[in-house]
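Reckoned from all heavy atoms, side chains included, excluding hydrogens, waters and symmetry mates. These numbers were taken from a predicted model, which means no experiment stands behind them. Every chain is numbered from 1 and lettered A, B, ... according to where its sequence line falls, protein lines coming before strand lines.
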Amino acid sequence: MPELPEVEVVRRGLDRWVTGRTVGEVEVLHPRAVRRHLAGSTDFVARLSGSRFGTAMRRGKYLWVPLDDDASSLLGHLGMSGQLLVQPQDTPDEKHLRIRIRFDDALGTELRFVDQRTFGGLSVHENTLDGLPDTIAHIARDPLDPAFDDAAFHSALRLRRTTVKRALLDQSLISGVGNIYADEALWRTRLHYDRPTATLTRPKSAELLGHVRDVMNAALAQGGTSFDSLYVNVNGESGYFDRSLDAYGREDEPCHRCGTAMRRRPWMNRSSYYCPSCQRPPRTNTPRA
DNA sequence: CGGCGATCCTGAGCGC
DNA sequence: TGCGCTCAGGATCGCC
């Protein structure tokens, strides 16, 4: 599933293959894929048609392409199964093709939004003065953004009355971290997911942030190699799953640091993977976690 | 209003 | 073999 590094690879692909092109015919094949465009699919198509794509941008897992004079943008989120593909027009439709965007040129390729589970989608929004689509104004900068404020992040953690993994997944604090990267960064920092953020020292939160950046950069280095290949294909698939993960998905397997069997615990309708030896549960909290 | 649980969706995988 | 259950998960909404 696409997380920040995969989305960045898609952004680069978009920049290479669709920036500067003018939109022609647009087809919405599944209404759920444009549900965030509140004015509906007819309006979505109208807003997009005839627009010229600017430089592709990203914040966290959100992607957007400014339209024409930068007053509005085409915003995209891949959800958990979304893909943006640049395909030759005569390529057969993918089974889960949701949106087709053709261009008013002779290049012969089109942009396709393909999404099995339809958690993702595309929409058109006005931009704020910062050039950000207005609906994502509340999304914090991501840790790979040079303007990310480490000190402010630490202060926010201290003020929150929540646990560290929840905080990592909180878009208003830090964006782009998903379940996999959260578990990996917590393992590297030897932090239990239920640790209250208010107990984190400044060095510990700095270490955590460093590990978040490390796992993302490692994944980016992997995924960044594939988009440039011979096929005209902007694809969010990551090489990251070929890498050995240290925490995610490793239930009952030995910890790469100490050999203790890794554990999986239900967490927020999903799972948390951790080493019970390296990542001790907080004493004040759920003792059997 | 901050925190948190429920919810959306579909296919893979697994147990019986 | 095939049915039905569980799981995967980001972001949003509504409730306390």
Counting distance only, does the side-chain N/O of A/R98 pair as donor-acceptor with the main-chain N or O of A/D115 below 3.5 Å? yes
Under 4.0 Å between any heavy atoms, over every strand shown, what does A/G120 touch: base, sugar-phosphate, or nothing? Just pick one. nothing
Would one find a side-chain N or O of A/Q171 under 4.0 angstrom from OP1 or OP2 of C/dA11? yes
How many whole angstroms separate atom CG of A/D170 from atom P of B/dC4? 10 Å
Is A/R35 touching bases, backbone alone, or none of the nucleic acid, heavy atoms closer than 4.0 Å? nothing
Quick one: does A/R280's side chain have a donor or acceptor within less than 3.5 Å of a partner on A/S277's backbone? yes
Distance, rounded to the nearest Å, where A/R36 contributes CZ and C/dC13 contributes P: 9 Å
Once hydrogens and angles are ignored, does a donor-acceptor distance under 3.5 Å link the base of C/dG10 to the side chain of A/R270? yes
Check every strand shown and say whether A/H30 touches a base, only sugar-phosphate, or nothing at a heavy-atom separation below 4.0 Å. nothing
Between P on B/dC9 and NZ on A/K95, what's the gap in Å once rounded to a whole number? 17 Å
Describe the nucleic acid contact of A/R160 in one word from base, sugar-phosphate, nothing, applying a heavy-atom distance below 4.0 Å. sugar-phosphate
Listed nucleotide nearest any side-chain atom of A/Y62, set B/dT10, B/dA6, C/dT12: C/dT12
Is any side-chain N or O of A/T162 closer than 4.0 Å to OP1 or OP2 of B/dC4? yes
Kindly point out which of B/dG11, C/dG10, C/dA8 is positioned nearest to the side chain of A/S271? C/dA8
With under 30° as parallel and over 60° as perpendicular, where do the rings of A/H37 and A/F44 fit, or are they tilted in between? perpendicular
Is the backbone of A/D104 close enough, under 3.5 Å, to the side chain of A/R21 for a donor and an acceptor to pair up by distance? no
